[in-house]
Structure formats: structure tokens, C-alpha cells
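Because the structure is a prediction, the values reported are computed rather than measured. One-based numbering along the sequence shown.
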Amino acid sequence: MPKLGERNGSETWRIKSPLRRGRILHVRSRMSAEKTLGLRVGLVFGLISLVIAVFWFDRDGLKDQIDGHVSFPDILYFAMITVTTVGYGDIVPVSQTARLIDAFAVTPIRIFIWFIFLGTAYEFVVQRIIEDFRMSRIQKQLQGHIVLCGFGHSGFIAAQETIAKGHPGERIVVIDQSEERIRLAAEAGFIGLLGDATSEDMLTRACVGSAKAVIVSSGRDDTSILVILTVRHLSAGTKIVGSIKQEENIKLAKLSGADLVVSPPKIGGYLMADAVETDHATPFLCDLMSVGGQMVLTERPAARDEIGKTMAETTAGVVVQIHSNGRTIPFTDRHRHIIQPGDLLLLISPAHGDGAPNRR
């Protein structure tokens with residue numbers, strides 16, 4: 001299991017401490033890229049106009065080396081070459097006032113304009129080139145990974161349990177529309193993609209076709225079903241696990257292509273009902289579902305030395321169910337069913353000290 005504070009192969013840092021503090025306020029931009037670019041262009045023209053106005057009102061402190069007369073076109077020309085730091089030397093400040101204005105008023109404006117240019121170039125050009133390069137490099141390494149659509153509380157728990165079961169954190173791709181959740185996913189060591197999981201382009205970027213499984217936990221049944229449909233359209237063989245809240249939507253999720261559907265409210269209801277009648281059943285079941293518990297529930301093919309034995313004779317753990325040739329063998333047949341080659345065993349076994357299941 002990856003440890004906190006380590007740097008992983010996906011070039012993201014894990015959270016070093018629960019007390020670590022980064023940016024407190026994260027808000028989504030209310031302006032589109034076009035409006036942002038237009039605002040910056042307007043700001044640059046406004047600052048250049050301010051420089052022109054300053055030079056025009058102090059034109060007596062400037063000297064034209066060509067004809068000795070400073071006209072408005074000369075001021076416009078001088079403002080542009082001053083802002084761009086070209087400086088041909090044909091027009092120069094000669095008075096103390098003009099030099100002070102250039103040093104303490106025009107120079108800060110010039111620096112600020114260059115910051116706008118560089119920031120815009122980075123945000124709209126360089127950053128996207130770097131992001132595309134990193135994305136293509138990550139995509140080449142994505143094979144047998146897990147795609148997690150939705151990084152709410154359930155998604156976070158699913159990711160943590162997946163890591164605890166031995167899956168590398170840098171091979172978990174998180175898709176979410178919340179910038180704050182994606183930032184948390186990246187800090188936890190996952191690959192974060194900010195966007196809509198119902199988008200074919202976003203799911204293609206996550207390489208769902210080569211994924212081991214896709215976990216859909218969007219928080220809304222309609223969105224989850226749409227994500228399941230899109231994933232199944234892109235990949236016929238990828239395993240899809242969906243989280244559905246309303247019982248009437250479970251059938252729709254399965255018809256949409258989900259291999260397994262989990263209903264958290266339904267499971268929670270079972271656990272609470274058991275807690276009314278018993279004191280230890282619910283804690284035991286919770287312990288069984290968590291990798292960090294004393295016992296773990298695992299599924300694996302039958303080992304060679306188990307073939308020909310009954311479920312009751314297996315010593316690696318308590319076999320509670322067997323899947324054999326499309327049939328489900330219940331625990332009540334533990335003394336009758338003979339384990340065959342290719343059988344899948346669902347068993348309860350002790351966990352190692354690190355939380356990993358005891359596998360043969």
C-alpha cells in the first residue's frame with residue numbers, strides 16, 4: 001500500500017500530513033476563456049493608453065532627435081517602443097520630471113503588461129502543450145487501471161480500499177467536475193481529470209477501453225446510468241461497477257451495461273436492521289468488508305490441492321460460496337459439492353498484519 005508523503009510515478013505528491021494546508025478558497029471561474037482573454041487585451045490597451053496620456057501631458061520633457069518637435073504620433077510611437085523595451089534612442093526624456101515619470105510610473109506599467117503577456121501565453125498555450133504532453137505520456141502507461149467516476153465520500157472510500165487491496169494509487173484515474181475534489185485526488189496520488197464523466201472525450205482520455213474496471217459513483221442515479229451507457233458504448237469488455245441509490249433504478253443500470261450494481265442505502269438498511277437484533281453482526285460485517293479488518297472476503301480460482309474436495313474440507317478459509325460453470329453453489333451445499341477445475345471460490349480468510357488477504 002502506498003505511504004503518505006511519497007512521490008509517485010504520476011508526478012503528484014501525496015498528502016504528507018493531515019495538518020497540511022494549501023489554498024483555502026477554490027472557486028470556479030465565472031468567465032469563459034474568450035471573456036478572460038478579452039478582458040486581458042482590454043487591460044493591456046488601457047495601460048498603454050495611460051502611458052500615452054502620461055507622455056502627452058509631459059511631452060515638453062521629451063526630445064525628438066530628428067526634428068526637435070514632439071507630435072502626438074511621436075508620443076504614440078515612443079509609448080509603444082517604451083512599453084516593448086525596444087528603445088531606438090530617437091526620442092529620449094531630457095527633463096528630470098520625464099525621467100522620474102519613466103522610472104516610477106511607466107516602468108511598473110511596462111512590467112505589469114509583460115506579466116499579462118507571459119501569464120496569458122502560459123495559460124492558453126504553454127500550459128496546454130505541457131498538459132497534452134503529460135496526458136499522452138500517462139495514457140501510454142495506462143493498462144489494467146481503474147477509472148473512478150465521481151470522487152465524493154463513497155468514491156474516496158472506494159479508492160482507499162482499492163489501494164489497500166494492493167492496486168497502485170498512480171493507476172487510479174479519477175474523473176470529477178469539482179476542481180477541489182480533483183485537487184484532493186491528485187494530492188492523494190491519483191491521476192485527476194477535471195471534467196464530465198458522461199463525455200466520450202473525457203472517458204477516452206481516461207482509457208476506459210484498457211481499464212481493469214470502471215467504478216461509477218456520481219451521486220445521482222440519472223448521471224450514473226448515463227455514464228454507464230457511455231462507458232459500455234466505448235468498451236464492451238470493461239467491467240463496470242455502479243452505485244445506485246433508488247432501487248427502481250438498479251434494473252436500469254444493469255440494462256445500461258453495469259456488470260455489478262451496489263446500492264449503498266439498501267446495504268445500509270440491512271446493516272441497521274441487523275444492529276437492532278444483534279450486537280456483533282453489524283460490526284463483523286463491516287470488519288469483513290474492510291481490508292483493515294481481522295477477516296477479509298476474497299474471491300479466487302480453486303487451487304490444485306483443493307480440486308476434488310468439498311467446500312467444508314478446504315483449509316485455506318471458510319468457503320461461503322462457489323461459482324461453477326455459471327451456477328452458484330450456496331454454503332448449504334458445503335458437504336455435497338465437489339470443487340472442480342475452474343471453480344471460483346468466495347471465502348472468508350484471516351487478514352495479514354498489513355491488511356492484505358491471506359492468499360494461497
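- Screening residues 263-289 for ring-ring contact (aromatic ring centres under 6.0 Å, His included), with sequence neighbours left out, gives no hits.
- Following chains of ILVMFWY side-chain contacts shorter than 4.5 Å, one cannot reach Leu346 starting from Val261, and the two form parts of different hydrophobic clusters.
- Residues forming a side-chain hydrogen bond (donor to acceptor under 3.5 Å, both in side chains) with Thr84 (at least two apart in sequence, or on another chain): none.
- For Asp64, the salt bridge (charged side-chain N to carboxylate O under 4.0 Å, His left out) criterion is met by no residue, not counting sequence neighbours.
- Taking both residues in full, the closest heavy atoms of Phe331 and Met311 are given as CA-CE, 4.0 Å, listed atom of the first, atom of the second, then distance.
- Of the possible donor and acceptor atoms, none in the side chain of Thr310 sits under 3.5 Å from a partner among the backbone N and O of Arg336.
- Partner Asp259 forms a side-chain hydrogen bond (donor to acceptor under 3.5 Å, both in side chains) with one of Lys254, Lys239, Arg232 and no other, that one being Arg232.
- Side-chain contact, Ser217 with Ser154: no donor N or O sits under 3.5 Å from an acceptor N or O.
- Cluster membership for Leu50 and Trp56, using ILVMFWY side-chain heavy atoms within less than 4.5 angstrom, is shared.
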Exercise. Start with the C-alpha distance between His69 and Asp74, add both sets of side-chain angles, then the distance that settles side-chain hydrogen bond (donor to acceptor under 3.5 Å, both in side chains), and finish with yes or no.
Key: CA-CA 9 Å; His69 175 68; Asp74 292 331; 5.9 Å; no
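- There is a path of hydrophobic side-chain contacts, each under 4.5 Å, that joins Trp114 to Val54.
- Between Phe78 and Phe55, the angle of the ring planes lies from 30° to 60°, which puts this pair in the tilted group.
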Quiz item: Could you walk me through whether Asp196 and Thr198 pass the side-chain hydrogen bond (donor to acceptor under 3.5 Å, both in side chains) check?
Solution: CA-CA 5 Å; Asp196 186 0; Thr198 64; 2.7 Å; yes
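- Val92 and Leu100 end up in different hydrophobic clusters when Ile, Leu, Val, Met, Phe, Trp and Tyr side chains are linked at under 4.5 Å.
- A donor and an acceptor atom, one from each side chain of Asp201 and Ser199, are nowhere located under 3.5 Å apart.
- Under a hydrophobic clustering in which Ile, Leu, Val, Met, Phe, Trp and Tyr are joined whenever their side-chain heavy atoms come within less than 4.5 Å, directly or via other members, Ile348 and Ile267 fall into the same cluster.
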